Structures are given as structure tokens and as C-alpha cells.
J.: 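Structure in C-alpha cells, see below.
The figures that follow rest on heavy atoms only: side chains count, while hydrogens, waters and symmetry mates do not. Predicted, not measured: the structure shown is a model, and the values here were computed from it.
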Amino acid sequence: MTTNHGFEMESFYETGEKLGAAVDVIRKDDTNGMTVRYATRNAGEIKFIFTNMRTGAVIEMVYEQVRQGGWTFNPTESTTVNTDLNV
């Protein structure tokens, strides 16, 4: 069992499958206390809504599809959080 109850996401994923797999790792980790919902916003854009069930904190992360088919993090449309997600 880990003491880290946060999570990490990369700023770029080469494919939608790799992005989805990264989110699944967080979703399936029973030790982090996180739930995740998906909210498709526009064509080529997806929002992940993470909720820390221990603290009630909600973190929204938006990724946009780039021309090469990869997905890149959009900080402007995402929740601003500090680097310590263990709150």
C-alpha cells in the first residue's frame, strides 16, 4: 500500500489509447481515493474530472487532440493545482 494519494499525468500522449490507459491506472488504483469522470467537450477535446474522495477536492484536466493524432494538456482550461496533490 502506498502513502501517495495523488496522481501524475503527462502533458502529452502519442495516442488516445495511451491517454486512456494513463487515466485507467489512476481510476483503478484503490489506494489513491480518486474517482474519475469523462466529459467530452468538443470534437478533439476531452475533460477528465478527478475527485479526491478523502478531501473532496475536484481537479479538471483538459486534453486537446493535435494534428498528428496525439493529445496535449491544456492548462488554460484545466484546474490550477499545486504540485502536491496529496491534499
Side-chain angles (χ1 to χ4, degrees):
M1 184 170 184
T2 180
T3 58
N4 180 7
H5 300 298
F7 64 92
E8 293 182 17
M9 293 283 293
E10 300 293 331
S11 61
F12 178 78
Y13 291 90
E14 296 172 350
T15 66
E17 290 81 13
K18 289 183 180 183
L19 174 58
V23 171
D24 272 349
V25 168
I26 297 164
R27 183 179 61 81
K28 293 177 180 178
D29 182 355
D30 293 335
T31 66
N32 67 15
M34 304 297 287
T35 64
V36 62
R37 292 178 287 144
Y38 305 85
T40 302
R41 293 161 40 112
N42 298 311
E45 184 176 81
I46 189 167
K47 179 190 280 190
F48 300 102
I49 304 168
F50 297 94
T51 304
N52 184 324
M53 300 307 287
R54 293 182 177 106
T55 66
V58 175
I59 300 166
E60 297 180 355
M61 298 183 78
V62 176
Y63 283 81
E64 293 179 341
Q65 193 169 27
V66 294
R67 290 185 185 175
Q68 297 82 7
W71 291 83
T72 189
F73 178 66
N74 180 343
T76 305
E77 297 291 326
S78 301
T79 302
T80 301
V81 295
N82 61 21
T83 56
D84 180 13
L85 296 178
N86 296 328
V87 294

J.: Please report, to 0.1 Å, the donor-acceptor pairs under 3.5 Å made by any side chain of residues 57-71, with sequence neighbours excluded.
T.:
residue: Glu60; atom: OE1; partner: Lys47; partner atom: NZ; Å: 3.0
residue: Tyr63; atom: OH; partner: Glu10; partner atom: O; Å: 2.7
residue: Glu64; atom: OE2; partner: Asn74; partner atom: ND2; Å: 2.8

J.: Around atom CG of Asp30, are there more than 12 heavy atoms from other residues, nucleotides or ligands closer than 6.0 Å?
T.: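 Counting neighbours around CG of Asp30, 12 or fewer heavy atoms of other residues, nucleotides or ligands fall under 6.0 Å, so no.
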
J.: So which atom in Met9 and which in Ile26 form the shortest heavy-atom distance, rounded to 0.1 Å?
T.: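 Nearest pair, atom of Met9 first, then Ile26: SD-CD1, 3.5 Å.
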
J.: Taking the side chain from Asn52 and the backbone from Thr55, do they hold a donor-acceptor pair closer than 3.5 Å?
T.: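 Indeed, once roles are kept as given, a pair shorter than 3.5 Å links the two residues.
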
J.: According to ring pair (Phe, Tyr, Trp, His ring centres under 6.0 Å), who are the partners of Tyr38, at least two apart in sequence or on a separate chain?
T.: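 Only Phe48 meet the ring pair (Phe, Tyr, Trp, His ring centres under 6.0 Å) criterion with Tyr38.
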
J.: Met34 and Asp29: side chain to side chain contact (heavy atoms under 4.5 Å, CB included), yes or no, with the steps?
T.: CA-CA 8 Å; Met34 304 297 287; Asp29 182 355; over 6 Å; no

